[in-house]
Amino acid sequence: QVQLVESGGGLVQAGGSLRLSCAASGRAFSSYAKGWFRQAPGKEREFVGSISWNGANTYYADSVKGRFTISRDNIKNTVYLQMNSLKPEDTALYYCAVARTGWGTRDFDDYSDWGQGTQVTVSS
């Protein structure tokens with residue numbers, strides 16, 4: 001079993017930046033892809049981005065491409081989401097997740113373990 005703890009959320013003005021962290025413990029962290037998802041009030045959970053087991057491949061939703069960057073540190077068992085040029089529409093609860101394989105996808109059914117989420121609020 002994997003435990004995931006997200007941190008780094010908060011309130012920021014439009015155009016600002018935040019860096020989310022997701023610390024993992026349990027199942028071999030370095031062998032699996034990681035993903036970030038978000039859910040805004042009244043909306044379905046949506047894919048933000050993913051990173052492969054070795055960090056060589058990243059994949060982003062069109063809505064965040066060019067603004068968000070995912071990275072990972074397998075020694076620290078941590079995955080990061082750097083968010084720049086934030087917009088009010090980025091406001092959501094952000095979750096990290098561990099994939100069932102070493103390669104990330106946008107389908108949340110491909111992820112087996114989830115954190116509790118960290119709130120990001122972007123004011124206009």
Side-chain angles (χ1 to χ4, degrees):
Q1 188 173 356
V2 176
Q3 287 188 323
L4 301 170
V5 179
E6 301 97 334
S7 62
L11 174 64
V12 64
Q13 288 188 331
S17 298
L18 283 174
R19 188 194 196 202
L20 306 185
S21 299
C22 175
S25 61
R27 180 159 54 97
F29 178 88
S30 61
S31 301
Y32 299 93
K34 304 298 181 294
W36 285 96
F37 291 76
R38 67 187 182 185
Q39 187 166 18
K43 295 187 177 181
E44 293 185 351
R45 191 171 298 191
E46 66 172 354
F47 172 78
V48 174
S50 65
I51 186 167
S52 62
W53 68 277
N54 59 358
N57 299 95
T58 54
Y59 182 40
Y60 299 96
D62 288 343
S63 58
V64 306
K65 199 173 296 182
R67 299 187 298 121
F68 290 11
T69 302
I70 296 176
S71 60
R72 63 189 294 166
D73 185 333
N74 285 344
I75 295 176
K76 295 182 178 180
N77 288 352
T78 302
V79 62
Y80 305 96
L81 180 66
Q82 178 66 44
M83 305 186 295
N84 298 328
S85 302
L86 282 161
K87 305 175 181 180
E89 51 264 43
D90 294 318
T91 295
L93 189 60
Y94 281 71
Y95 299 89
C96 69
V98 179
R100 302 180 192 277
T101 71
W103 306 102
T105 75
R106 63 170 54 241
D107 188 347
F108 61 76
D109 286 336
D110 291 335
Y111 294 81
S112 58
D113 300 275
W114 295 80
Q116 294 300 306
T118 184
Q119 179 67 40
V120 171
T121 303
V122 184
S123 63
S124 58

Whether [X] side chain and [Y] backbone form a donor-acceptor pair below 3.5 Å:
X	Y	result
Asp110	Trp103	no
Thr121	Leu11	no
Lys65	Ser63	no
Thr78	Lys76	yes
Thr91	Val122	yes
Tyr60	Arg67	no
Glu6	Gly117	yes

Residue pairs, two or more places apart or on separate chains, that pass disulfide (SG to SG under 2.5 Å) and touch residues 57-86: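 Matches after skipping sequence neighbours: none remain.
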
Pairs meeting criterion disulfide (SG to SG under 2.5 Å) with involvement of residues 43-96, two or more places apart: Cys22-Cys96

Which atom of Tyr111 lies closest to which atom of Gly104, heavy atoms considered: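 Minimum heavy-atom contact is OH-CA, 3.8 Å.
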
Residue pairs involving residues 8-21 (criterion side-chain hydrogen bond (donor to acceptor under 3.5 Å, both in side chains); sequence neighbours excluded): Ser17-Asn84

Worked verdict on Tyr59 versus Arg106 for side chain to side chain donor-acceptor pair (under 3.5 Å): CA-CA 8 Å; Tyr59 182 40; Arg106 63 170 54 241; 3.2 Å; yes

Side chain to side chain contact (heavy atoms under 4.5 Å, CB included) partner of Tyr80, the single match among Leu20, Asp73, Ile70: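 Between Tyr80 and the candidates, side chain to side chain contact (heavy atoms under 4.5 Å, CB included) is satisfied uniquely by Asp73.
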
Contacts under 3.5 angstrom, residues 35-42 side chains, donor-acceptor by atom type, not counting sequence neighbours:
from, atom 1, to, atom 2, distance (Å)
Arg38, NE, Glu46, OE2, 2.5
Arg38, NH1, Asp90, OD1, 2.9
Arg38, NH1, Tyr94, OH, 2.9
Arg38, NH2, Glu46, OE2, 3.1
Gln39, NE2, Lys43, O, 3.1

Same apolar cluster (I L V M F W Y, side chains within < 4.5 Å links), Phe47/Leu93: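 They do share one cluster, since a chain of ILVMFWY contacts under 4.5 Å joins Phe47 to Leu93.
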
Non-neighbouring partners of Ser85 that pass side chain to side chain donor-acceptor pair (under 3.5 Å), sequence neighbours left out: none

Partner residues of Asp109 under the salt bridge (charged side-chain N to carboxylate O under 4.0 Å, His left out) criterion, sequence neighbours left out: none

